[in-house]
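All remarks here apply to the structure that follows.
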Protein chains: 2
Amino acid sequence: MSPKEKKGEITINDIAKELNISPSTVSRALNDNAKISEATKNKVKAVARDLGYELNLVASSLSKNKTNVIGVIIPHLGSQFFAKALSGIQEVARDNGYNVIISQTNESVQQEVEMTRVMNSARVDGLVCCLTMETDNVDHFNVFVKKSIPVAMFDRVSYAVPGPKIVVDNYEAGYVATEHLINLGCKRIAHLAGVVSSKVFEERSEGFKDALKKHSLPLLSQFLLSSDLTEQDARDAVRLWMNLPQRPDGIVAASASSGLIIASAVKALGIKLPEELSIISLGNERCNEFVTPSLSAVDMPGYEMGKAAVTQLIKCINDGVSDSSITLKPIQLLIRNSSFKH
Amino acid sequence: MSPKEKKGEITINDIAKELNISPSTVSRALNDNAKISEATKNKVKAVARDLGYELNLVASSLSKNKTNVIGVIIPHLGSQFFAKALSGIQEVARDNGYNVIISQTNESVQQEVEMTRVMNSARVDGLVCCLTMETDNVDHFNVFVKKSIPVAMFDRVSYAVPGPKIVVDNYEAGYVATEHLINLGCKRIAHLAGVVSSKVFEERSEGFKDALKKHSLPLLSQFLLSSDLTEQDARDAVRLWMNLPQRPDGIVAASASSGLIIASAVKALGIKLPEELSIISLGNERCNEFVTPSLSAVDMPGYEMGKAAVTQLIKCINDGVSDSSITLKPIQLLIRNSSFKH
DNA sequence: TAAAAAAATGCAAGCGCTTGCATGGATGAT
DNA sequence: ATCATCCATGCAAGCGCTTGCATTTTTTTA
């Protein structure tokens with residue numbers, strides 16, 4: 001080993017020495033700077049390859065004041081929606097030369113705040129995130145706003161912070177799903193909604209209500225339940241509804257997972273799906289098509305939203321403009337066997 | 001605006017000037033260095049807070065030659081197994097002060113190679129990865145080995161590169177699942193296996209075969225199919241088996257998704273589950289419990305494996321030792337309704 | 001063939017933080 | 001009061017790369 005065994009990292013200085021030129025020339029050559037002759041570029045690249053040189057992104061980031069890193073803050077990776085979103089995010093990031101550093105809040109606002117701090121420390125070039133269900137104060141994003149670091153939000157967004165917003169038309173989702181049941185002949189439709197404090201769920205509820213209104217169907221107060229959409233909430237709702245003298249003949253579940261649980265709970269009660277009851281959920285999981293009967297759903301395009309979010313984000317990073325563009329993505333109605341024509 | 005509007009970033013120099021002390025003292029104070037008096041520490045921290053100072057991790061990383069970043073390379077985020085693994089990875093990484101940069105190979109070796117290059121450029125402190133199904137040459141990990149940067153592998157691992165290996169006992173999984181069917185009274189058990197080139201699937205197959213042998217059951221050649229486990233593969237297998245004069249009365253699916261598809265295809269043929277046929281899959285997805293009948297499975301602990309991988313990795317990072325420890329995680333047999341006592 | 005223009009390269013500072021070593025001041029022992 | 005000890009802080013170099021400007025080399029033009 002050499003006396004100064006420097007952890008073995010090859011630097012541009014090593015290349016420079018090898019060729020008897022200056023480090024600046026090496027740097028420029030490797031970056032294909034126009035003012036460097038083809039001859040030296042080739043020589044430099046050849047030596048770099050021979051020596052096994054690999055750019056030190058840390059040093060590069062520091063001097064360029066640009067990390068080429070995009071931070072991602074999402075609630076959790078447990079749901080397919082977010083996993084797909086992350087997948088989309090990572091793919092377009094990679095295609096654009098960005099790395100992705102990721103973190104989950106687990107729906108904790110405190111974690112969210114903490115993570116913005118970390119992302120700031122990491123000096124990410126941009127942030128894409130989906131707020132927790134409880135986030136109402138978004139001051140923790142001010143650091144980025146102040147520094148003109150773009151923040152793209154998707155699904156659960158806040159218009160209080162500038163930047164791209166990628167949302168699905170949740171009102172439309174609720175409306176379309178409900179109307180689907182109505183068209184099937186359902187007269188007594190119930191809705192297990194999410195917390196109203198969340199825009200997403202509020203809009204879905206609105207869509208639900210308006211669809212009923214539009215078709216002159218009554219909205220029974222007991223038929224509109226708001227909850228955290230946990231497994232227990234779904235079971236409770238089913239118990240409540242199915243013990244009613246007048247059971248619902250259609251259910252709109254505000255989320256994919258609650259829909260699954262509702263369907264399973266209902267079946268456990270011996271109720272025939274979809275003959276006695278139609279179900280549709282707002283949000284689709286792959287297993288919706290494997291259950292019996294397969295579960296109709298309005299699909300939320302997680303993958304596409306993730307892709308769109310970074311695409312917009314990168315646009316902001318490049319064009320300097322941290323403008324607030326609103327993209328509404330279409331939703332897709334997946335009709336399966338859990339909803340039934342009467 | 002000040003004449004030199006420096007992007008607004010507060011540095012330790014700003015704090016130093018403010019307090020008329022040297023930047024070194026500020027640095028040490030913020031890092032709770034023992035040689036700094038409590039008095040100055042407090043002053044420094046107070047000013048830091050007031051100014052909204054946030055450590056520049058890039059600069060810190062460069063000078064410390066440590067990034068506190070862990071790189072993750074996984075096949076894809078589509079399967080719950082990997083999503084959960086990533087979730088576990090990120091959580092323990094965060095708890096230990098590490099950031100996670102993530103990338104998917106989509107089962108492409110070329111992508112895998114490319115990603116190791118990126119991770120190297122990013123100077124990650126450690127790598128955790130799950131190889132693609134096709135990876136046989138692992139030379140692209142040599143860079144890390146040479147630099148003593150630990151590489152932890154989970155699930156699909158290669159013993160050719162040193163470092164922690166977190167695997168599930170796949171032989172056991174195959175054996176246990178098969179034995180379960182045997183105990184239920186199945187006599188003609190088929191197995192849709194994965195590609196044999198993959199250790200994981202080879203071991204599962206071995207477990208399957210040995211269980212049969214142990215219980216003196218014949219292995220019909222047509223009952224052992226090897227494939228890529230795509231949806232089509234699963235459907236083809238079902239078609240083949242169900243057209244046989246002597247159908248199988250039990251099926252062991254090598255993966256969660258293929259099990260789901262097999263079950264669904266079989267049901268579509270009007271075959272009664274589990275009366276006429278029992279199914280169990282090696283790998284569990286949440287939806288296994290929602291399908292009818294719910295699908296028995298051997299659970300592969302993705303979340304735990306992810307956690308274990310980083311835990312081991314961090315140990316390596318700290319203790320300098322990049323030793324090769326082999327951890328076998330237990331598997332869990334989830335008995336549900338798709339397997340039936342005859 | 002000299003002067004001017006263009007092309008290629010080098011110099012050196014700087015990105016923000018860390019850290020070994022030197023220094024100054026306060027405390028304690030004699 | 002004196003010198004050895006600590007304790008607290010400062011100095012300055014360095015991490016590896018980028019980049020504005022200066023300098024050198026080559027090419028072009030008259």
Side-chain angles (χ1 to χ4, degrees), chain A residues 4-45 47-48 51-69 120-125 147, chain B residues 4-45 47-48 51-69 120-125 147:
Chain A
K4 286 255 172 190
E5 45 171 319
K6 308 273 304 130
K7 188 75 173 152
E9 292 287 11
I10 311 292
T11 75
I12 54 172
N13 295 297
D14 297 325
I15 302 180
K17 254 166 234 161
E18 181 78 18
L19 287 167
N20 243 292
I21 59 181
S22 86
S24 0
T25 302
V26 174
S27 172
R28 287 194 254 254
L30 291 173
N31 288 307
D32 270 320
N33 184 305
K35 343 205 71 181
I36 300 294
S37 71
E38 283 306 314
T40 37
K41 273 186 193 174
N42 292 149
K43 268 187 286 181
V44 168
K45 287 177 185 170
V47 175
L51 262 43
Y53 171 81
E54 203 73 57
L55 171 65
N56 183 330
L57 277 180
V58 182
S60 175
S61 296
L62 180 60
S63 81
K64 289 204 293 192
N65 192 32
K66 175 158 201 298
T67 54
N68 267 115
V69 167
N120 179 28
S121 250
R123 299 293 193 264
V124 296
D125 288 340
K147 296 196 287 184
Chain B
K4 284 256 172 190
E5 45 170 320
K6 308 274 306 131
K7 189 73 171 151
E9 292 288 12
I10 310 292
T11 74
I12 54 172
N13 296 295
D14 297 324
I15 301 180
K17 252 167 236 162
E18 182 76 19
L19 287 166
N20 243 291
I21 58 180
S22 86
S24 358
T25 302
V26 174
S27 172
R28 286 194 254 254
L30 291 173
N31 288 306
D32 269 321
N33 184 307
K35 343 205 72 184
I36 301 293
S37 71
E38 282 306 314
T40 37
K41 272 187 193 173
N42 291 150
K43 268 188 284 181
V44 169
K45 286 176 185 170
V47 175
L51 263 44
Y53 171 81
E54 203 71 59
L55 171 67
N56 184 328
L57 277 180
V58 182
S60 174
S61 296
L62 179 60
S63 82
K64 289 205 293 192
N65 192 32
K66 176 157 200 301
T67 53
N68 265 200
V69 167
N120 179 27
S121 250
R123 299 295 192 263
V124 296
D125 288 340
K147 295 196 288 184

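Values in this document were obtained by computation on a predicted structure and should not be read as measured data. Residue numbering restarts at 1 for every chain, and letters A, B, ... go by the order of the sequence lines.
Rounded to an integer number of Å, the gap from B:K64 NZ to C:dC15 P is 21 Å. When rounded to the nearest whole Å, the span between NZ of B:K35 and C1' of C:dT19 equals 11 Å. Between the CG atom of A:L57 and the C1' atom of D:dC15 there is a distance of 15 Å, given to the nearest Å. Distance, B:E9 CD to C:dG14 C1': 16 Å, rounded to whole Å. The distance between atom CG of B:D32 and atom P of C:dT19, rounded to the nearest whole Å, is 14 Å. Summarising the geometry, the separation between NZ on A:K147 and C1' on C:dG16 is reported as 13 Å, rounded to the nearest angstrom. Distance B:E38 CD to D:dT9 P: 11 Å, rounded to the nearest Å. Summarising the geometry, the separation between CG on A:N13 and P on D:dC17 is reported as 7 Å, rounded to the nearest angstrom.
A donor-acceptor pair under 3.5 Å is absent between the side-chain atoms of A:N31 and the main chain of A:N33, judged by distance alone. Between the side chain of A:N42 and the main chain of A:A39, no donor-acceptor pair closer than 3.5 Å is present. At distances below 3.5 Å, not a single donor-acceptor pair connects side-chain atoms of A:T67 with backbone N or O atoms of A:S61.
More than 12 heavy-atom neighbours from other residues, nucleotides or ligands sit within 6.0 angstrom of NZ on B:K45. Residue A:K17 qualifies as open at atom NZ: its count of foreign heavy atoms under 6.0 Å is 12 or below. Around atom NZ of B:K43, no more than 12 heavy atoms belonging to other residues, nucleotides or ligands sit under 6.0 Å away.
Nucleic acid contact for B:S37: sugar-phosphate only, since backbone atoms but no base atoms lie under 4.0 Å from a heavy atom of the residue. Here B:S61 lies out of heavy-atom contact (under 4.0 Å) with every strand. Residue contacts for B:S27: at a heavy-atom cut-off of 4.0 Å it reaches a base atom on one of the strands shown.
Between the base of C:dG10 and the side chain of A:R28 there is a donor-acceptor pair shorter than 3.5 Å.
Comparing C:dG10, C:dC15, D:dT9 against the side chain of B:T40 picks out D:dT9 as the nearest. When distances run from any side-chain atom of A:S24 to the nucleotides C:dC17, C:dA8, D:dT19, the shortest one goes to D:dT19.
When each of B:S63 and A:A34 is assigned the nucleotide of DNA chain C with its nearest heavy atom, A:A34 is the one assigned upstream, toward the 5' end. Comparing B:I36 and A:A59 by the nucleotide of DNA chain D whose heavy atom lies nearest to each, the residue mapping closer to the 5' end is B:I36.
Contact annotation: B:N31 reaches the phosphate of C:dT18 (side-chain N/O to OP1 or OP2, under 4.0 Å). Residue A:S22 places at least one side-chain N or O closer than 4.0 Å to OP1 or OP2 of C:dG10. Residue B:S60 places at least one side-chain N or O closer than 4.0 Å to OP1 or OP2 of C:dT18.
A side-chain donor-acceptor contact under 3.5 Å links A:T25 and A:S22. Side-chain N/O atoms of A:S37 and A:T40 include a donor and acceptor closer than 3.5 Å.
Taking five base pairs at each end of the helix from C:dT1-D:dA30 to C:dT30-D:dA1, the local helix axes there meet at an angle of 40°, rounded to 10°.
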